[in-house]
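Report on the following structure.
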2 protein chains.
Amino acid sequence: MSKDASLKFHMNLGMLIRSAHNSMTERFVQNVFNSGLDISMDQWMVLGPIWQLESPSQKDLGEICLRDKPTITRIIDSLEDKSLVVRVSDQIDHRIKRVVLTKAGKQLFYDVLPIMEKTREEVRGEISEQEIEIFKNVLSKIIKNLNS
Amino acid sequence: MSKDASLKFHMNLGMLIRSAHNSMTERFVQNVFNSGLDISMDQWMVLGPIWQLESPSQKDLGEICLRDKPTITRIIDSLEDKSLVVRVSDQIDHRIKRVVLTKAGKQLFYDVLPIMEKTREEVRGEISEQEIEIFKNVLSKIIKNLNS
DNA sequence: TTTTTTTGGTTGCATTTGCAACTAAAAAAT
DNA sequence: ATTTTTTAGTTGCAAATGCAACCAAAAAAA
């Protein structure tokens with residue numbers, strides 16, 4: 001077995017993925033900070049879907065954001081602390097809590113949107129649309145491969 | 001601005017990346033466990049390069065694994081606790097500590113290798129070689145875009 | 001109708017991380 | 001030759017994460 005053969009792929013892939021992910025969030029946070037705003041990547045990741053879906057349950061958010069229940073609970077807690085969202089019990093199913101943006105939450109969302117856009121540009125650089133498509137596709141496939 | 005336009009890319013990308021990464025490590029850990037072995041993904045990620053590079057410094061490992069110094073320190077600590085590696089001060093530069101596999105470390109490496117290989121297969125599934133290449137390429141580009 | 005199971009969400013705890021401060025040694029500057 | 005700066009690695013602490021146990025409401029089974 002040659003020293004650099006079988007190792008390469010898997011290890012590098014894992015390391016690359018983590019590193020890319022870290023760099024992306026780091027850059028986003030930095031851009032947000034530079035704009036004088038205050039929201040973490042995790043919070044933003046949840047804020048978007050809340051805006052998009054109007055008043056999703058926490059379960060919905062978990063599924064969309066691919067995060068577990070406690071994590072969602074805590075992120076929503078933090079957003080609520082900042083008065084960006086409120087929790088509203090569902091009228092018919094009292095287990096469900098729907099998350100709704102406050103006025104401040106909507107405002108922040110609109111303020112952060114261009115920063116997200118800018119970060120997106122920086123992340124993508126010269127990478128072609130087609131490559132990005134394949135990239136996302138492979139990610140989805142990997143996730144599917146491992147959850148079935 | 002349409003409700004699902006500008007959001008999609010960045011958010012999904014971040015979420016997809018994290019999720020894929022999580023699933024991968026989770027599967028690896030599970031496969032390792034099922035084989036009755038005992039090593040975490042992080043430890044494995046470092047063990048490989050140590051084997052490959054013979055006696056890298058911790059700095060080397062950090063650069064290759066794309067992790068910061070404290071993280072490497074702690075992973076090496078944990079490997080040393082398990083007697084899989086030892087730290088050896090560099091003869092000429094006393095700041096540098098070189099990390100060397102013990103006999104047990106080498107053995108574990110060889111034992112885990114096929115599990116890593118199996119995990120790799122599971123992760124890849126039906127994804128073509130070409131797609132994987134582009135995938136890795138995009139990851140590298142993203143990292144480069146954000147560190148320059 | 002009562003009991004059991006499932007579902008949505010929360011809490012607590014142990015582990016991991018991320019950062020900044022710190023030590024010790026080497027290199028560079030004075 | 002002494003001081004300053006840089007480099008390699010460690011430590012400590014605050015925040016984030018993952019997991020399992022938990023509660024309360026709804027659905028299914030008895």
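Quick note: numbers below take in every heavy atom, side chains included, and nothing from hydrogens, waters or symmetry partners. Here is how names work: the chains are called A, B, and so on, in the same order as the sequence lines, proteins then strands, and each is numbered from 1.
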- Item | side-chain hydrogen bond (donor to acceptor under 3.5 Å, both in side chains), paired with A/Gln58, selected from A/Lys97, A/Arg87, A/Arg98 | A/Arg87

- Would you indicate what A/Arg87 reaches in the nucleic acid, counting non-hydrogen atoms under 4.0 angstrom: base, sugar-phosphate, or nothing? sugar-phosphate

- Item | Rounded distance (Å) that lies between atom C1' of D/dG9 and atom CZ of B/Arg95 | 10 Å

- Answer yes or no: does a side-chain N or O of A/Lys97 lie under 4.0 Å from OP1 or OP2 of C/dG9? no

- Touch check for B/Ile92, heavy atoms < 4.0 angstrom, all strands: base, sugar-phosphate only, or nothing? sugar-phosphate

- Query: To the nearest angstrom, how far is A/Glu26 atom CD from C/dG18 atom C1'?
  - Reply: 10 Å

- Take B/Glu133 and B/Asn137 through the side chain to side chain donor-acceptor pair (under 3.5 Å) test and state the conclusion after the steps. CA-CA 6 Å; B/Glu133 270 320 301; B/Asn137 219 278; 5.3 Å; no

- Query: Rounded to the nearest Å, what distance is computed from the CZ atom of residue A/Arg18 to the P atom of nucleotide C/dT16?
  - Reply: 14 Å

- Task: Specify the separation, in whole Å, of atom CZ of A/Arg67 and atom P of D/dC19.
- Result: 12 Å

- Task: Specify whether B/Tyr110 and B/Trp51 have parallel, tilted or perpendicular ring planes, treating 30° as the upper limit for parallel and 60° as the lower limit for perpendicular.
- Result: perpendicular

- Under 4.0 angstrom, heavy atoms only, what part of the nucleic acid is A/Asp42 near: base, sugar-phosphate, or nothing? sugar-phosphate

- May I ask you to evaluate whether A/Thr71 reaches the phosphate of D/dT17, defined as a side-chain N or O under 4.0 Å from OP1 or OP2? no

- Task: Check the distance between C/dT16's P and B/Ile75's CD1 and give it to me in whole angstrom.
- Result: 10 Å

- With the side chain of B/His94 defined as its heavy atoms from C-beta on, choose the nearest nucleotide among C/dA26, C/dG9, D/dG9. C/dA26

- Task: Starting at atom CG of B/Leu61, determine the distance to atom P of D/dG9, rounded to an integer number of angstrom.
- Result: 9 Å

- Query: Which part of the nucleic acid, if any, lies within contact of A/Lys69, taking any heavy atom under 4.0 Å across all strands shown: a base, the sugar-phosphate backbone alone, or nothing?
  - Reply: base

- Message: The test is side chain to side chain donor-acceptor pair (under 3.5 Å); show your working for A/Ser78 and A/Asp81 and say whether it passes.
- Response: CA-CA 5 Å; A/Ser78 71; A/Asp81 287 348; over 6 Å; no

- Task: Write down the distance between CG (A/Asp68) and P (C/dT11), rounded to a whole number of angstrom.
- Result: 15 Å

- Ignoring the backbone of B/Arg74, work out which of C/dT7, C/dC19, D/dG18 is nearest its side chain. C/dC19

- Assert: residue with more 5' nearest nucleotide on DNA chain C, out of A/Asp77 and A/Asn22, is A/Asp77

- Between D/dG9, C/dA20, C/dT11, which nucleotide gets closest to the side-chain atoms of B/Ile96? D/dG9

- Item | Rounded distance in Å - CD (A/Gln43) to P (D/dT17) | 11 Å

- Task: Using distance alone, with no hydrogens and no angle criterion, decide if B/Asp60 and B/Ser57 have a side-chain donor and acceptor under 3.5 Å apart.
- Result: yes

